Structure formats: structure tokens, C-alpha cells
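To keep things clear, I will list the structure first and then write my remarks on it.
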Amino acid sequence: MTPTAPTPLTTRSALAAHLAVSAIALAAALFLVGCASPGPSHTPLAQTTPSAVGLNTSATETAAPSQWWKALGDDQLNTLVDQALQGNPSLSVSRARLEQAVALSQVREAANGPQATLGVDATRQRYTANGLVPAPIAGNTYNSGNVQASLSWSPDFFGQHAAELQASLGQARAAQADAAAAANTLAAQVGRSYVALARLVAQRDVAVRALEQREEQRKLTQERTAAGLDSQVELTQAQGAVPDARTQIEALEEQITLGRRQLAVLTGQAPDALPQLTPQLAALQPSAVPEVLGADLLGRRPDVVAARWRVEAATQGVNSARSEFYPNINISAFIGLNSLGLDKVFNGSSRQMGVTPALRLPIFDGGRLRAQLGGRQAELDAAIAQYNGAVLDAVKEAGDAVASIQSLTRQQPLQDDAVASAEKAYRFAQDRYRAGLGNYLVVLSTESQVLAQRRLAVDLRARQLDTRLVLMKALGGGWTDDTAVLHTAAR
């Protein structure tokens, strides 16, 4: 039986298959002998470890409580912090940057999958009589229509797309941590400004008490001068002390007004929105302090976590740049209808289809890819250096706050004794002066000591509260690295 001759379709298919195999073989040969080289390997900088910066790897009590400012026990402060976290413009900017980073990661995720499009267009065109199009189309006007669906896909054989996606997700996670760091910093600013305002109010109370004492002293000196027991020198000194005390009160009132305006702006309100805010320093309760700093500090500080995610993003950037040295494969296909004349668009004979596999292989690029890889490696080293710096800053800030709190705690009983001794000496000096046994200069000296010790007591109390707020911020403000907001982008 005589074999049948192959049909033209069979012949074309075999020829296409042969050409495809030849193209792949040629591409493989070029890849093996002539592709661009990434050059020598690069060893990135070493990342610091918790033990290297003195953190206790077994301690687990470093974390600050959630909404740590509530530990101070002041409802006004709680309200102000809540208002700041909702309405401060700078925090809104951080949230907008987070949303932008998440959106960009979602764009990258979508771009890595198959892409499908549908195009429908119609054209009315007069064809030139002197061009490549032959008669009877040449020199006449025709309508043409096209309906076409296209599909394209770039398989990720060498991990380039995955690296690009992970780099984008790393940047988004870093932006999320940055937003948390901004919120933590803002809460600390409100808390510290509130404590500073309470200190000014307490200092004003001390100044008011000093004014009352000096008024009493002036009255007593007037009586003694009238009785011939004191001279005009003592009376002039007593009278001059009164306006000095009033000047101090007025200066403190100015600072209190400025402090209220600062708090109002921090909470997103008009500068004059808090004219009656008068926090009491004695009503604020110091929070507990951890004895040691654990390694979990590095996982709860949002700025440190942000730096770590940027290292991850930079690492993936290096992987993406390295994958540029390998072949890039793209597969596209289309199917549709096309005809000259709209009445024939949907005829079966107007169908068209095609498949276009493509392979791109870098061979000679003038060093562009190697320079690009070197740039990404430098970005990685810079990100690691910034991370190491953030770790050192975090440990120093938290350690400084703990050391200050411990010192202030030891200073407190000493300051209490100093205040008690100064007030006792002042009472003795007053009693002796009233009895005519003491000198007025002794009264002035002991009064100055009392006022100085009272001011120091106020400052010490304010510092104890302020350093605790600094510590809560340094511990991360109760934040944890939750990337749930990015799960949609990661799918």
C-alpha cells in the first residue's frame, strides 16, 4: 500500500515544530557560551544580633502595655492621645504612604500573573492609490473591523517575578511599621507635652505659694518697722520681693499658655482649643519599669522592624537584579475576528489566531546588568547599615531611659528629706524673727532654700514621669509586627 502524502497543514506543523526546537537549542547554546556574567559574588554586611548589643536573649518582659499612656491614670490625657491618633495631619501622611505602598505591592502581584485583554475597534480609511495596497482597495475608502482577545504570560522560571513581589511587599511592610512608629512617636509627644504642662502648672503653684509667703513677710515687716523693731532696709527688701514673685508667676502663665497651644495642635485641634487644660502633676501615676531589656525589644520597636523589612526588600532586589542575567520567556496568544468591511466581521472566514513564544537572553549589554546588580548590592549594604544603626539607637534609648529612671528613683527619698529640712529651717527662722531673736537676712536665706527645694521636687517628679514615657516609646509602645493588612497583596 502506497503511503499517503502529508497534507500541507501537516507539513507546516512539522516545519514549525522543527523551527521551535532549533530556536530553543540555539538559545540554550548561547546561554551556555555567551550570556552576560554577573561577576564575582558579593558578601553583604553582617546584621547585628541581640547579644552583640547587650540584650538579654532569655528575658521576655520588655514589651510595653498596649495603650501604655493609660497607665498614668489621667482621663484627660487618654482623650488627648486618642484625638491625636485620629486627627493629627502628620499621622494621616504616614497612613497615606502605607496605603500607597500596599497598592504598589498589589499592582506588582497582579502583573506577575497571566494578562488577558479584549479589544474591539472599527476604522474607516481611504487607502492611497500609490502605496503597497493593490487595487481594488487602493484609491478607495473602506470600513474595517477587529475583535480580538489576547492572553500573555511570562513564566517565572528563575524567580525574578517572585523576588520583585517580595521586594514590593517588604517595602509595604516597612511602610506599615513606619506608620506604627509615627503613631508611637505622636502618642509619646502628647504624653510628654502633657507632663511638661503639668510641671509648669505645679511650678506656678509653687510660685503662688511663694507670693503668699512674701505677702505675709511684707505685712510682718511693716508691723515691725512701725514698732521700731526693723529699719527701712528690711521693709524695702520685703516689699521688693513681692513684685519679683508676681513676675515669676506671669512668666509661668506664658509658658502654660504655649504648652496648651502645643497640645492642641498635636491633637489636631485649633491652637486655642484647650484654654482651661490644667493637668495636675501629683495625679499622674508612674508606670512599672522592666529590670532588664530583652531581645524582643527588636521585634516590638516599629522603626527597627521597618529597617529590617527594608533589608528584606533590598535582599529581594538583589535577587531580582541577579535573575536579569537569565533568559526571560514570554508566551502570548491571540484569537479574534478581522475583516475589511464591517458586514463580514463575524463571518467564520474572518477568524484569526496565533501563538507567540519568545525568549530574551542577555549576551552583551555593555556592563549594564552588572552595574545594576552592583547598585542593588550597595542598596542592600546601606539597608543593613541603617538596620544596625536603628538597633543601636533603640537599645541606647531604652537603656538610657531605664538608667535615668533608676537614678531618679534613688534621688526621690533624698529630695524629700531636702524639702522637709528646708521647710523646717524656714519655720524656725520665721519663729525666731517674730520673737525678735533672729535676723531678717536669715529668713530670706531660708525662704530661698525652701523655694529652690520645692522647684527641684516638682522637676524631679516631672522627670520621673517623662522618662517613663520615653521608655514606653523606646519599648515600642506595645506594638507588634502584624502584617495582616498585606495578606490580600501577598495572595
Side-chain angles (χ1 to χ4, degrees), residues 3-31 35 100 103-158 160-161 164-165 168 320 323-324 326-366 368-369 489 491:
T4 60
T7 65
L9 178 60
T10 304
T11 302
R12 288 196 298 269
S13 299
L15 179 60
H18 176 72
L19 291 175
V21 171
S22 300
I24 293 174
L26 177 61
L30 290 173
F31 174 70
C35 64
Q100 180 187 31
L104 290 175
S105 66
Q106 292 172 340
V107 169
R108 174 62 65 183
E109 166 70 6
N112 289 342
Q115 306 294 308
T117 60
L118 175 65
V120 179
D121 58 83
T123 304
R124 182 171 178 81
Q125 178 179 348
R126 183 188 185 281
Y127 293 85
T128 176
N130 302 311
L132 296 176
V133 179
I137 298 176
N140 294 299
T141 301
Y142 288 89
N143 295 323
S144 62
N146 183 67
V147 179
Q148 181 169 297
S150 300
L151 178 68
S152 63
W153 179 46
S154 179
D156 192 21
F157 291 121
F158 300 101
Q160 178 181 2
H161 298 166
E164 290 174 347
L165 175 60
S168 181
S320 176
S323 67
E324 293 279 355
Y326 301 109
N328 181 21
I329 299 174
N330 293 279
I331 301 174
S332 61
F334 67 91
I335 183 171
L337 302 166
N338 184 277
S339 73
L340 188 64
L342 297 180
D343 56 329
K344 299 178 182 179
V345 170
F346 296 100
N347 290 353
S349 58
S350 298
R351 69 184 183 277
Q352 61 179 5
M353 63 187 68
V355 178
T356 308
L359 182 144
R360 302 289 185 270
L361 178 66
I363 298 177
F364 305 108
D365 65 349
R368 178 183 62 85
L369 293 180
R491 287 200 298 265

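None of the values given here were measured: they were computed from a predicted structure.
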For residues [X] and [Y], report the shortest heavy-atom separation together with the two atoms involved.
X	Y	result
A138	V133	CB-O, 3.1 Å
P136	Y142	O-OH, 3.4 Å
L369	E324	CD1-O, 3.6 Å

Should we count CG of L132 as having more than 12 external heavy atoms under 6.0 Å?
-> no

Who passes side chain to side chain contact (heavy atoms under 4.5 Å, CB included) against [X], sequence neighbours left out?
X	value
S349	N347
D121	T123, N146
R126	T141
A122	L342

Give, for atom [atom1] of [X] and atom [atom2] of [Y], the distance between the pair rounded to the nearest 0.5 Å.
X	Y	atom1	atom2	answer
Q148	R351	CD	CZ	14.5 Å
I335	L151	CD1	CG	11.5 Å
M353	L337	CE	CG	9.0 Å

Can you tell me if S339 uses its side chain to pair, donor with acceptor, with the backbone of V345 under 3.5 Å?
-> yes

